[in-house]
Amino acid sequence: MINQIDYTYKDRVWCGKINEKYVNKEVKIYGWVHRFRDMGGILFVDLRDRTGIVQVVMSSELKINKLSLEDVLEVVGIVKERPIENINPNIATGNFEVIAKEIKILSKSEALPFMINEDYKDIRDLKIDEATRLKYRYLDLRRLQMFKNMYFRHKIIKYIRDFMDNEDFLEIETPLLAKPTPEGARDFLVPSRLQPGKFYALPQSPQLFKQILMVAGIDRYFQIAKCLRDEDLRADRQPEFTQVDIEMSFISKKDIFLLIENLLDYVLNNLGIEISIPFEVIDYNYAIKHFNSDKPDLRFNYPVKKWNNSIKINLNDEDFDINQAYYIFFKNLVLTRKELDKLNEFLRQNNLKFLYLISSNSGESFFKGSLVKFVDINEVDNYLRNENQFYNGDYIVFVISSKNYLNELILIKNYLIENKVLKPVKDFYFLWVDNFPLFKVEEEKVGNKLIRKISPEHHPFTNVLEEDKDKVYMIYEKLKKNPNIIYDDEFVKEVLSIRSLAYDLVLNGVEIASGSIRITDIKFQKIIFEIIGINEEDANRKFGFLLEAFKYGVPPHGGIALGIDRIIALLLGYNSIREVIAFPKTQSGTCLLTKAPSEVDLSQLKELGIKLMEVN
Ligand code: ASP
């Protein structure tokens, strides 16, 4: 009989947690056969559960049937210290082993599609292709590294809930069967059986419901919310993803910043990650101008600078005019001979026209690059020294010669980052990007005509920066008088110059959150709808319930949503969010495990009044 002691789940000892406390005691453990060795009748089995591995010693007297990798075992045994020569320093339980008294094979495993017991330090080193991992996700998730990812995710969400609860936020679930929420993607539609011909839209975010909750007086809302957007997928996008969705009443932008800084500080501290708050705030326009990005990675803070000097250049190349040039100044950058050679090769291969200056502590400085022979080096040297207050030390300066200066300079910067020549100033660089434009202007080809369209940069409920409010009225009036004014570039410039109360939070060059202070004035909201091409009828059909709610006392409010998948992936050092989602989908939106999406029975379609047609 195996159960002399009446074990409950509370007596479960985890394989990876066996330690000196259990020495000479009986334990009952469960797990999968990770590895085994037959040493002349004695079987040494590495038994693995989600916490780790422990060695189980099984003597031939136990008469065990032939084992296979990944069989599921129940073992009762006595914990012993291993003889010194058998200690395994590579695993946490390496000083101990369990001498089995009784063993049950609870389930057998067939030959595996891929090995789970490969020695790997990091899942990034795995050579198994991702499709196989996703098809057999249950095997993939058995890997300890994947369990760690799931555990980290669970903890992050738990600490978020703890913190938000402490700050008087209520977690409220909002419907999945809903109406379209305009977040700029396509909707997933769900046909209604009870009302044939009508559809629910799965929420792109709980945006409208959370605003309604503010009208309802909830005041502080949050939700670990699933968002569903039908868009083209990339490594950091999934058709369904998770946001920490937040909305607050009676606040301004600085309250949202404060809340999120404290939230991240609390959560990350609990996970042993130190960060410093408050986060830096930069202006959207500054970010675009100096980093060519609305999500700059300031771990590598090398802004692009304008060349402000009329140094002559004798190059017969209309693309290049040093007066128009931009450059990046890499201060204190030490390049080894080899790195320099590799860099030169990279620049040559990419056909970049460039010039750079290197100076060392010894006071020696020299120029290199394809433009060297076309400029007066002394002049350039003087200019750079004056502008950048540098003298001797290791630094490097680039001048790039084409109209695509920003892309090219950033290409070089990225090259230096990828090759680990530029060192990050810290591991995790959080940055607020503030004052986003209210609108964007997009061009779409319809037939052979280019159609211009104004749409919200964030979403249509985002309020405008008070100073720019008049401009909104102005463009509204102009558009009303002449809708074709949208084809006037000056007008577009004006539209784009209107700043909003929207902000993003960026971590290491990745957007991890965005939000805004909302419009609560119905009249102004209607003007925004008109500008972005939603007429009164459409507005009422789509968002009538929100406008209606605003008639009955609406508090000023604002919010934000954090992309939790991206945050976890970044903190754990993954490029792909699929590593931190239990059951992710592929680029084509397929779940390789369940084979969703799939065909359905014709009878189901009939019930819904749906007939399929060919789509191309
Ligand atoms: N609903 C927005 C989004 O998903 C976030 C917000 O404005 O709170 O990006």
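Both ligands and their constituent atoms are indexed starting at 1 by order of listing.
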Q: Measure the distance from atom 5 (C) of ligand 1 to every protein heavy atom, then report the residue, atom name and distance (to 0.1 Å) of the closest one.
A: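 The closest heavy atom on the protein side is S514 O, 3.3 Å.
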
Q: Considering heavy atoms of the protein only, find what lies nearest to atom 2 (C) of ligand 1 and give residue, atom and distance to 0.1 Å.
A: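 Its nearest protein heavy-atom neighbour is E183 OE2, 3.3 Å.
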
How long is the straight-line distance from [atom2] of [Y] back to [atom1] of [X], given to the nearest 0.5 Å?
{"X": "I260", "Y": "I277", "atom1": "CD1", "atom2": "CD1", "answer": "11.5 Å"}
{"X": "I517", "Y": "T462", "atom1": "CD1", "atom2": "OG1", "answer": "9.5 Å"}
{"X": "D565", "Y": "I512", "atom1": "CG", "atom2": "CD1", "answer": "12.0 Å"}
{"X": "Q223", "Y": "R161", "atom1": "CD", "atom2": "CZ", "answer": "9.0 Å"}

With heavy atoms of [X] as the reference, note each atom of ligand 1 found under 4.0 Å away.
{"X": "A561", "result": "5 (C), 8 (O)"}
{"X": "I560", "result": "8 (O)"}
{"X": "G515", "result": "6 (C), 7 (O)"}
{"X": "S205", "result": "1 (N), 4 (O)"}
{"X": "R229", "result": "3 (C), 4 (O)"}

Q. Hey, looking at atom 8 (O) of ligand 1, which of E511, K210, E247 has the closest heavy atom?
A.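 The option holding the nearest heavy atom is K210.
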
Q | Distance-only donor-acceptor check, side chains E579 and N149, under 3.5 Å | A |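 Result is no, nothing qualifies.
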
Q: Check each heavy atom of R518 against ligand 1 and say whether those closer than 4.0 Å belong to the side chain, the backbone, both or neither.
A: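 The side chain, only.
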
Q: Pick one of side chain, backbone, both or neither for how Q204 approaches ligand 1, counting any non-hydrogen atom pair under 4.0 Å.
A: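 Near ligand 1, Q204 shows nothing, with every heavy atom at 4.0 Å or more.
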
Q) Do L263 and Y159 touch side chain to side chain, with heavy atoms closer than 4.5 Å? A)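 No, every pair of side-chain atoms sits at 4.5 Å or beyond.
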
Q) In terms of the angle between their ring planes, are F461 and H459 parallel, tilted or perpendicular, with boundaries placed at 30° and 60°? A)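 Judged by the thresholds at 30° and 60°, the geometry between F461 and H459 is tilted.
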
Q | H458, any N or O under 3.5 Å of ligand 1 N or O | A |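 Yes.
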
Q: Establish, yes or no, whether a centroid distance under 6.0 Å links the rings of F524 and Y473.
A: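 Yes, ring centres under 6.0 Å apart.
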
